[in-house]
**Q** 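Just passing along the structure, written as structure tokens.
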Number of protein chains: 2
Amino acid sequence: MAGSCRDRCGGRRRLIDKWRLPNYLLNMNRKSEETVAARISRHLADRIIAGEIEPGARLRQDHIAEEFGASHVPVREAFRRLEAQGLAISEPRRGVRVAAFDLSEVKEVAEMRAALEVLALRHAAPHLTSAILDAAEEATKAGDNSRDVRSWEAANRRFHRLILEPCRMPRLMATIDDLHAASARFLFATWQSDWETRTDHDHRAILAALRKGDVETACATLARHVQWIGHRPITRGGRKRDVFAIVG
Amino acid sequence: MAGSCRDRCGGRRRLIDKWRLPNYLLNMNRKSEETVAARISRHLADRIIAGEIEPGARLRQDHIAEEFGASHVPVREAFRRLEAQGLAISEPRRGVRVAAFDLSEVKEVAEMRAALEVLALRHAAPHLTSAILDAAEEATKAGDNSRDVRSWEAANRRFHRLILEPCRMPRLMATIDDLHAASARFLFATWQSDWETRTDHDHRAILAALRKGDVETACATLARHVQWIGHRPITRGGRKRDVFAIVG
DNA sequence: GATCCTCGTTTTATAGATAAAATTATATAA
DNA sequence: TTATATAATTTTATCTATAAAACGAGGATC
């Protein structure tokens with residue numbers, strides 16, 4: 001009787017055990033609570049941002065399903081998420097492609113970030129503590145010491161998130177996150193191989209202004225900072241062309 | 001020979017015919033090119049915005065699938081789209097609910113709209129023609145003459161779209177559209193039954209400034225305009241409470 | 001009365017099948 | 001040879017059926 005029950009109620013028993021678990025162990029299970037579609041969408045987003053999948057490349061649902069050991073249904077859900085993030089474009093009956101981008105989109109994202117990050121900073125400023133500003137300073141130093149684009153981008157994103165998050169506006173932060181993903185994509189497409197270390201004076205100016213309570217100067221510097229578009233010529237496939245990216 | 005071919009190649013023949021069709025007839029087919037998932041997402045969004053489905057109400061995939069004569073697969077895709085728009089929230093293994101909202105979210109959307117619509121207007125201004133401004137004036141008049149919220153909201157949205165669209169920033173416009181959907185939802189939740197006609201002085205001030213080429217005044221007025229949050233007490237379910245909405 | 005078990009419902013995901021459309025390859029005619 | 005028509009293949013988009021997992025509502029048990 002108990003045996004036949006365990007056969008049928010295994011999942012339930014595990015649930016009850018979960019309630020008995022302390023929180024730090026529960027958090028380890030969080031990944032298993034994530035949906036397959038969410039996992040696929042996250043992985044594909046990472047690859048698109050890293051430039052592992054070329055802009056314009058087709059995303060074939062059955063191939064991706066096979067790769068992730070899933071069926072096509074969660075793959076299609078992941079596609080909808082990527083579409084909403086602006087990382088992929090879907091044409092009915094023609095499939096999904098990695099979104100292409102040009103200088104005008106780089107500029108567009110930069111200007112949207114300027115407008116929205118300033119808004120966020122204005123609301124976050126009253127809630128900023130010196131502990132947060134210290135952490136942001138640490139992130140800036142980590143960026144300055146980065147030897148490659150990937151770690152520089154991670155540190156840069158950490159800086160922006162630290163000073164903006166306390167605005168307590170979830171919708172705004174979600175939109176900014178998507179814009180950061182786009183920015184990172186532009187950056188990786190441009191500075192894929194070579195990256196020269198540089199000190200971030202803007203970040204330090206923003207922090208100095210915030211410590212003084214001068215929100216206006218901080219906002220003005222931030223707005224200018226994220227609209228700074230780096231450009232340089234690269235040779236790819238034999239022919240030269242100029243490439244651009246948001247650097248900040 | 002021709003007969004057996006038509007049986008198997010009907011689709012291809014139709015495709016060739018499509019190439020021969022003039023554009024105005026092609027556009028009529030556009031709706032049939034729309035995906036079932038897109039259709040479901042659109043219909044659900046309409047209902048959520050109109051307030052036909054209560055905030056917090058569960059969206060059960062099998063019920064919705066049955067209602068639209070579809071399977072659960074396109075319904076789930078529609079859910080992802082609604083989630084990205086901020087109209088629904090999805091908790092893994094717990095299903096999807098219509099997103100709830102409070103005053104803080106109304107304010108958040110208003111401020112995001114102010115920031116982004118000003119950005120759009122700044123870029124649209126150089127491309128605005130007197131024909132566009134005349135059409136925007138017509139939309140304002142239509143709003144003033146509206147006897148109900150629905151038609152007022154449609155006219156208001158038309159006004160904003162007319163003066164912002166020429167910015168030629170697709171990502172920005174898509175984000176603004178989603179924010180307008182949220183605004184409309186707040187509005188309908190508040191002024192569902194009674195709506196008093198009023199003349200929109202802000203719209204006229206914006207148009208006057210644009211005609212004079214005074215972009216700064218137009219932007220400042222627009223920013224103030226979309227942040228104007230109407231509030232009034234309503235009695236619902238016996239108890240009184242204050243409700244708020246973006247009115248502009 | 002508190003705890004545990006069971007059952008029905010719902011979500012999430014899989015698998016297989018199908019129709020329509022798009023793509024690619026091939027053969028044919030001008 | 002080139003352009004076009006035909007055929008074969010692939011891919012998308014959808015449906016149906018099915019199964020595991022999770023939740024909630026009672027009901028049984030101690």
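Residue numbers start from 1 in every chain, and the chains themselves are labelled A, B, ... in the order their sequence lines are given, proteins ahead of strands.
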**Q** Could you check whether any side-chain heavy atom of B:S183 comes within less than 4.5 Å of a side-chain heavy atom of B:R113, counting everything from C-beta outward?
**A**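 B:S183 reaches B:R113 side chain to side chain.
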**Q** Grab the CZ-P distance between B:R94 and D:dC23 for me, whole Å please.
**A**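 Value for this atom pair: 6 Å.
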**Q** Do B:P166 and B:I132 make a side-chain contact, defined as non-hydrogen atoms from C-beta onward lying under 4.5 Å apart?
**A**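 Yes, at least one pair of side-chain atoms sits under 4.5 Å.
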**Q** Strictly below 4.0 Å, heavy-atom distances to any atom of DNA chain C: list the hits from residues 82-91 of chain B, or just say none.
**A**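 Within residues 82-91 of chain B, the residues near DNA chain C are B:E91.
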**Q** Taking everything shown except A:E66 itself, do over 12 heavy atoms lie less than 6.0 Å from its CD?
**A**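 Open.
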**Q** With distance as the sole criterion, is a donor-acceptor pair present between the side chains of A:D178 and A:T175 under 3.5 Å?
**A**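 Side-chain D/A pair, A:D178 to A:T175: absent.
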**Q** Separation of B:R97 atom CZ from D:dC23 atom C1', in whole Å?
**A**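 Rounding to the nearest Å, CZ of B:R97 and C1' of D:dC23 are 12 Å apart.
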**Q** Just by modelled atom types, is the A:D62 backbone N or O under 3.5 Å from a matching donor or acceptor in the A:H72 side chain?
**A**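 Not confirmed, A:H72 side chain does not pair with A:D62 backbone.
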**Q** Would A:R150 pass as a cation-pi partner of A:F188, given that its NZ or CZ must be under 6.0 Å from the six-membered ring centre and within 45 degrees of the axis?
**A**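 Flagged: A:R150 positioned over aromatic ring of A:F188.
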**Q** Figure out the CZ/P separation between B:R60 and D:dA22, and round it to whole Å.
**A**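 Taking atom P of D:dA22 as the reference, CZ of B:R60 is at 20 Å.
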**Q** So do the side chains of A:D102 and A:F244 get within less than 4.5 Å of each other, counting heavy atoms only?
**A**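 The answer is no; the side chains never approach within 4.5 Å.
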**Q** Nearest-Å distance, CG (B:D62) to P (C:dT11)?
**A**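 Those two atoms, CG and P, are 6 Å apart.
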**Q** Excluding sequence neighbours, so at least two apart, what forms salt bridge (charged side-chain N to carboxylate O under 4.0 Å, His left out) with B:R161?
**A**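 For B:R161 the salt bridge (charged side-chain N to carboxylate O under 4.0 Å, His left out) partners, ignoring immediate neighbours, are B:E165, B:D177.
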**Q** Taking any heavy-atom pair under 4.0 Å as a contact, classify A:L59: base, sugar-phosphate, or nothing.
**A**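 Sugar-phosphate contact only.
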**Q** Rounded to the nearest Å, what distance is computed from the CD atom of residue A:Q61 to the P atom of nucleotide C:dA22?
**A**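 That distance rounds to 15 Å.
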**Q** Please give, in whole Å, the distance from D:dT14 P to B:E66 CD?
**A**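 In whole Å, D:dT14 P and B:E66 CD are 19 Å from each other.
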**Q** What string of B, S and - do you get for nucleotides 13-19 of chain C, 5' to 3', if B is base contact, S is sugar-phosphate-only contact and - is no contact with any protein heavy atom under 4.0 Å?
**A** BB-B---
